[in-house]
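One structure below.
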Number of protein chains: 2
Amino acid sequence: MTDNSLPILTYSEENYLKAIFHLSEEGKKSVSTNDISGEMKNRPASVSDMLRKLGEKKVIEYRKYYGVHITEDGKKLALQTIRKHRLWEVFLVEKLNFSWDEVHEVADELEHIKSRILIQRLDEYLGFPKFDPHGDPIPDEYGDVRSRPRLPLSEIEVNGTGQIVAVKDSSASFLRYLDKVGAYIGARIKVLDKVEFDGSIEILVDNKKTIFMSKDVVNNILIMQ
Amino acid sequence: MTDNSLPILTYSEENYLKAIFHLSEEGKKSVSTNDISGEMKNRPASVSDMLRKLGEKKVIEYRKYYGVHITEDGKKLALQTIRKHRLWEVFLVEKLNFSWDEVHEVADELEHIKSRILIQRLDEYLGFPKFDPHGDPIPDEYGDVRSRPRLPLSEIEVNGTGQIVAVKDSSASFLRYLDKVGAYIGARIKVLDKVEFDGSIEILVDNKKTIFMSKDVVNNILIMQ
DNA sequence: TTTAGATATTAGGCATGTCTAAAAAATAAT
DNA sequence: ATTATTTTTTAGACATGCCTAATATCTAAA
């Protein structure tokens, strides 16, 4: 089975498949219509229609009323879209000086550009980056992902050190907050203190700045040790 | 009248408007349905439908059975799309090492990406280029075009010199031919001889290479003296 | 000036992708 | 185990944008 046998998806089908892939990654056995409609910000009825189509194209397994599973072909296609999205994010941040909380929307459009050679050349031009500006891994052309071992910041012990490698919640407001306090991707941190009762912690960033973080923030930061 | 008052166009409407703009530039009084259907490679019936819509959005003046004229608003929008197209072409050639006959298709997709800041940053990143890889001028944000005075190669006299600044026919096969013989944009040429009866000519490229060109080729090359 | 041929428009259909409202199925609660 | 609630699907509508076939209009020729 090569690339050639994969079905061609519309712009919209690509977006659904990407959403289903991300929801699948969250560990659930199957992804529900409502989950997808939440992610896509549209109505469940629209989702049902689309699931039938995606099922016909064999990129998901669809049993009515029981949610969907993504197939191997579906994964490959989703990873191709994710690869494009993340490469464009690197381009926007590294070359066009976008800040990392500005890139989502634009990358969501750019990821649908169809040329294969474009992505190969872009990848080369960017120096074959392995991670995007949020620290998420960039799949290779064949969908392979080399992910770094990483833990939620909340799991790091007092006096433990590491590097921020990713964030779970990449909403613009969260990213702006991190930028403001200096907790960028790649920052070296050391856990100075953990407060049991509210889950907040105190960390040292880059050996110079001490900051306090609430439980909500702590749960959304991933560390590589 | 600022940008804010211009209507928002769909992907498809942008393509029609670009086609109508280009056809308008060819000097004709009004642009016919058939002309547009030829340019868009679709059926006249589809064009009629679209002309009604574009008329309602006030980007063209549409009189049934008498073709269309582009309005000032229409021109602005078309020039915005053309600006984006040509900036992306510069990017593809200068940064991603595409050859100038490979860029059309990809740029036709990229030109529809909606972010204004993206185009501003791209423009800056490319060093505010004034001409695309085919030698065509890149409009500024407000649609102003600084075009170089230029003549068809056929009009240059024997012993006349100049620089190739553009090509009229930018089909991939024509561009490949030019690349092959070394007649790239920016090449300095001198007309050595003109053959009356078949319109062919002999030119010296970059003071080192002599090439013969048929009438068809000569008519499609533009020179700045 | 009437007609033949070219050109353009409408009518009706189809595919995509969305919606609301109603019906069906699954799940939770008594 | 039956009912109530939530979830999901279907039915029918609408917008975009394309098509073919039929009709209308214009233009050039006799």
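In the text below, chain A, chain B and the rest are named by the order of the sequence lines, each starting its count at 1. On a predicted model such as this, the values are computed, not experimentally measured, just so you know.
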Sorted by chain and residue number, the ring pair (Phe, Tyr, Trp, His ring centres under 6.0 Å) partners of B:His112 (sequence neighbours excluded) come out as B:Tyr11
Each nucleotide of nucleotides 8-19 of chain C classed B (base within 4.0 Å of a protein heavy atom), S (only sugar-phosphate) or -, in 5' to 3' order, makes SBB-----SSBB
So salt bridge (charged side-chain N to carboxylate O under 4.0 Å, His left out) across residues 88-99 of chain A, not counting sequence neighbours, yields none
Applied to residues 38-48 of chain A, the side-chain hydrogen bond (donor to acceptor under 3.5 Å, both in side chains) test, sequence neighbours excluded, yields A:Tyr16-A:Asn42
Residue pairs meeting ring pair (Phe, Tyr, Trp, His ring centres under 6.0 Å), one or both in residues 35-75 of chain A, sequence neighbours left out, come to none
With sequence neighbours left out, the residues meeting side-chain hydrogen bond (donor to acceptor under 3.5 Å, both in side chains) with A:Asp169 are A:Ser171
A:Lys64 meets the salt bridge (Lys or Arg N to Asp or Glu O under 4.0 Å) criterion, sequence neighbours left out, with none
The side chain to side chain contact (heavy atoms under 4.5 Å, CB included) partners of A:Lys194 (sequence neighbours excluded) come to A:Val158, A:Val191, A:Ile201
The ring pair (Phe, Tyr, Trp, His ring centres under 6.0 Å) partners of B:His104 (sequence neighbours excluded) come to B:His85, B:His134
Across all chains, not counting sequence neighbours, the side-chain hydrogen bond (donor to acceptor under 3.5 Å, both in side chains) partners of A:Asp144 are none
Test your reading of the model: is there a side-chain donor-acceptor pair from B:Arg176 to the backbone of B:Asp101, 3.5 Å cut-off?
no
The helix from C:dT1-D:dA30 to C:dT30-D:dA1: angle between terminal helix axes, five bp per end, to the nearest 10 degrees, reads 10°
Its 5'-most and 3'-most nucleotides having an atom under 4.0 Å from a non-hydrogen atom of chain B, DNA chain D is contacted over D:dT16 to D:dC26
